[in-house]
Amino acid sequence: MRKRLGRAFFNRSVHDVAPELIGAVLLFNGVGGRLVEVEAYHQSEPAAHSFRGPTRRNSVMFGPPGYAYVYRSYGIHWCLNFVCEPEGSAGAVLIRAIEPTTGLAAMRRRRGTAEMRLLCSGPGRLCEALGITGSHNGLSLAAPPFQIFAADGGAEVVAGPRIGITKAVDLPWRYGEKGSRFLSKPFGAKATLSA
DNA sequence: TGCCCGATTAACT
DNA sequence: GTTAATCGGGCAA
């Protein structure tokens, strides 16, 4: 049986947490699958929402680890983050893609497609498929509707540059499962291997 | 207040 | 390849 992840897991550096999340299982109201792509963000670098200090939108990032930070992207989509680091460090891991395994019918209905690749491959798609919205901002990751289980160690993790940002573009803080068909974008040939 | 831009996606040409 | 949808934050005035 997989180990349930709680606050202790998230109360560490985003650089430790993010690669360990690849292969972990995320369920929201019993719907979800295996995490295959995430990105790390930290207050110290300008691509992070927390870089310029607390605002109403990002306040959850400045709270304790183990909580969900959900924000609206481009005025349209929702994006899910796991708050990490000791409280006040304002780090978070953006959940970018999952391999759908559980609750396929609900995901297909919400996304309006049966195409597996299009259900959860991208941060906005994933939130729509799982039914996550801004109303879930600030919820604990250790209690329903969230259930998060540790990776079983089978995933081979690669790292590369983050996607869709214009600042700190060279930091290789995107992590994914090597060769997964459910990535939002493939990793380049020069992607490095990670623990 | 007004203007520009963004951790995106789908539907165009 | 380009563009529209649409809203909160940051910054200038």
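Convention: sequence-line order gives letters A, B, ...; per-chain numbering from 1.
- Among B:dT9, C:dC11, B:dA7, the nucleotide with an atom closest to any side-chain atom of A:Arg125 is B:dT9.
- Checking C:dT6 for Watson-Crick or G-U wobble geometry (two distances, each under 3.5 Å) identifies no partner in any strand.
- At B:dA7, none of the side-chain N or O atoms of A:Arg72 fall inside 4.0 Å of OP1 or OP2 (strictly under the cut-off).
- Between A:Ser73 and C:dC7, a side-chain N or O to OP1/OP2 separation shorter than 4.0 Å is absent.
- Among the nucleotides B:dT9, C:dG8, B:dA7, the one closest to any side-chain atom of A:Pro123 is B:dT9.
- For B:dA7, the base has no donor-acceptor partner in the side chain of A:Tyr74 [N/O atoms by modelled type, under 3.5 angstrom].
- The side chain of A:His49 contributes no N or O atom lying less than 4.0 Å from OP1 or OP2 of C:dG9.
- Here the straight-line distance linking atom CG of A:Leu26 with atom CG of A:Leu5 works out to 10.5 Å at 0.5 Å rounding.
- Atom-to-atom, OH of A:Tyr71 to C1' of B:dC5 comes out at 14 Å; the value is rounded to the nearest Å.
- Within 4.0 Å (heavy atoms only), A:Arg162 reaches no atom of the nucleic acid at all.
- B:dA7 is unpaired under the Watson-Crick or G-U wobble criterion, no partner having all donor-acceptor distances under 3.5 Å.
- Residue A:Thr166 is in sugar-phosphate contact alone, with no base atom involved, counting any heavy-atom pair closer than 4.0 Å across all strands shown.
- For the pair A:Arg174 and B:dA7, the criterion of a side-chain N or O lying under 4.0 Å from OP1 or OP2 is not met.
- Here A:Arg56 does not reach the OP1 or OP2 of C:dC7: none of its side-chain N or O atoms lies under 4.0 Å away.
- Distance CG/A:Leu126 to SG/A:Cys79: 9.0 Å, rounded to 0.5 Å.
- If you take atom P in C:dT3 and the same atom in B:dC5, they sit 14 Å apart, rounded to whole Å.
- Rounded to an integer number of Å, the gap from A:Leu118 CG to B:dT8 P is 17 Å.
- The ring of A:His49 has its center no closer than 6.0 angstrom to the ring center of A:Tyr41.
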